[in-house]
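This report concerns only the one structure given below.
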Amino acid sequence: MSIGSELTAARERADMTIEQLSAATRIRTGLLIAMEADDFSRCGGNFYARGHIRSIARVVKADPAPLLATFDAEHAVEEEKSRREERAAVKGPTLRPARPRWALVVGAILVILMGWGMVRLFTLPNDIEANASKTATTTATVTTPTPKASSKPTVQPTTKPKTPKPPVLKTALTLTAKNDGTYLTIRDKKNRRLFQGRLSPGIAQSVTSSGDIRVTVGNPANLIIVLNGKRLDTKLYKFTAHPNGTIGKTAS
């Protein structure tokens, strides 16, 4: 019976699937399937293959000793062959660095120095004559001042003064019920309803809006009106509170 068959039988006796064994040993499922098919080439070497066999045997409650003995007997020849190949690769031919030929280098340097000396020997008189002619000839250098560019005044763009926006007038209205109370409907200048309902005695309703506030009251006698901090009286059932602190009849 091969090692792969024994591993398969041990896993089945432990009532485990490949996925469960992979989760318990942290070995990939593909590698487990290959090992149960006696393919240990994907383990990365005999050292890792032995470690995987020990991990599997520990999880499935099997004795790893006979499995490792069978594995060593089957793979000892392959391991020895791989070791010989590794040693042969290490003992490959070594390249020695080439030694410089100092005689040729020194000779080339001497030839260059001799050539440079001959060139200087023939060109030295010409250099002396050229330097003498430069000393005898003087040239006057005239510097012309550069005229300064006339600075033109920069014209700043004129900006129109911003017209301040008129302040938004607010209307602060507080309505307090007295006696038996009254029914109220309060709307702003855009006819949006701000409040609608019955005010019980002693209950106040305060609203603040920009522009006029329109009020419809069931009983004006049961209402205390405070507009912009000033108390006012009215007998109108429909009135409009203005931002200037006055009350007028609402146009129907």
Side-chain angles (χ1 to χ4, degrees), residues 11 14-34 42 44 52 55-56 58-60 143-252:
R11 176 179 59 81
D15 196 17
M16 296 182 69
T17 63
I18 289 291
E19 290 75 13
Q20 292 173 342
L21 184 60
S22 174
T25 59
R26 297 184 179 179
I27 302 173
R28 301 189 307 274
T29 56
L31 183 54
L32 291 175
I33 294 174
R42 298 172 59 181
H52 293 335
S55 299
I56 296 171
R58 183 176 61 255
V59 172
V60 299
T143 59
T144 304
T146 304
K148 296 182 179 180
S150 59
S151 59
K152 296 182 180 180
T154 58
V155 179
Q156 297 292 339
T158 58
T159 58
K160 295 182 180 180
K162 296 182 179 180
T163 304
K165 296 181 179 181
V168 179
L169 300 178
K170 296 285 186 177
T171 303
L173 181 64
T174 301
L175 304 175
T176 306
K178 62 180 181 177
N179 299 332
D180 297 332
T182 182
Y183 188 86
L184 280 179
T185 299
I186 305 175
R187 297 179 182 272
D188 63 2
K189 65 180 181 180
K190 295 183 180 180
N191 202 30
R192 291 178 298 191
R193 186 169 56 194
L194 305 178
F195 173 78
Q196 186 177 19
R198 180 175 179 80
L199 280 184
S200 301
I203 303 300
Q205 179 66 40
S206 298
V207 292
T208 301
S209 179
S210 58
D212 296 339
I213 297 177
R214 297 186 299 165
V215 180
T216 301
V217 58
N219 189 353
N222 293 342
L223 197 63
I224 299 173
I225 304 171
V226 177
L227 177 58
N228 292 346
K230 182 180 178 181
R231 181 168 177 174
L232 301 174
D233 295 324
T234 184
K235 295 181 180 180
L236 298 173
Y237 288 87
K238 292 183 179 181
F239 63 88
T240 300
H242 303 291
N244 59 4
T246 60
I247 291 177
K249 185 178 180 181
T250 303
S252 56

For residues 208-217, dump all side-chain donor-acceptor pairs below 3.5 Å to protein atoms at least two apart in sequence or in another chain.
unit_1, atom_1, unit_2, atom_2, d
Asp212, OD1, His242, ND1, 3.1
Arg214, NH2, Asn191, OD1, 2.3

Euclidean distance, [Y] [atom2] relative to [X] [atom1], rounded to 0.5 Å:
{"X": "Thr234", "Y": "Leu223", "atom1": "OG1", "atom2": "CG", "result": "9.5 Å"}
{"X": "Leu175", "Y": "Ile224", "atom1": "CG", "atom2": "CD1", "result": "10.0 Å"}
{"X": "Leu31", "Y": "Arg42", "atom1": "CG", "atom2": "CZ", "result": "6.0 Å"}

> Please walk me through it: do Leu173 and Val226 pass side-chain contact (heavy atoms from CB on, under 4.5 Å)?
Replying inline: CA-CA 6 Å; Leu173 181 64; Val226 177; over 6 Å; no

>> Quick check against the 3.5 Å criterion: does Thr250 have a side-chain atom that pairs as donor or acceptor with the backbone of Phe239?
In response: yes

Nearest heavy atoms of [X] and [Y], plus distance in Å:
{"X": "Asp233", "Y": "Arg231", "result": "OD1-NE, 4.4 Å"}
{"X": "Gly245", "Y": "Asn228", "result": "N-ND2, 3.7 Å"}
{"X": "Tyr183", "Y": "Arg198", "result": "CD1-N, 3.9 Å"}
{"X": "Ser200", "Y": "Ala177", "result": "O-CB, 3.2 Å"}
{"X": "Tyr237", "Y": "Pro220", "result": "CE2-CD, 3.4 Å"}
{"X": "Met16", "Y": "Arg11", "result": "O-NH1, 3.0 Å"}

Side-chain heavy atoms of [X] within contact of [Y], under 4.5 Å:
{"X": "Lys230", "Y": "Leu232", "answer": "yes"}
{"X": "Thr171", "Y": "Leu227", "answer": "yes"}
{"X": "Phe195", "Y": "Arg187", "answer": "no"}
{"X": "Ile186", "Y": "Gln205", "answer": "yes"}

>> Testing Asn179, Asp180, Thr182 one by one against Asn222 for a side chain to side chain donor-acceptor pair (under 3.5 Å), which residue passes?
In response: Asn179

> Which is it for Thr185 and Leu194 under the side-chain contact (heavy atoms from CB on, under 4.5 Å) test, yes or no, and what are the steps along the way?
Replying inline: CA-CA 8 Å; Thr185 299; Leu194 305 178; over 6 Å; no

>> Looking at Lys249, I want to see if its NZ is surrounded by more than 12 non-hydrogen atoms of other residues, nucleotides or ligands under 6.0 Å.
In response: no

> So among Ile27, Thr29, Leu32, which one has a side-chain contact (heavy atoms from CB on, under 4.5 Å) with Leu21?
Replying inline: Leu32

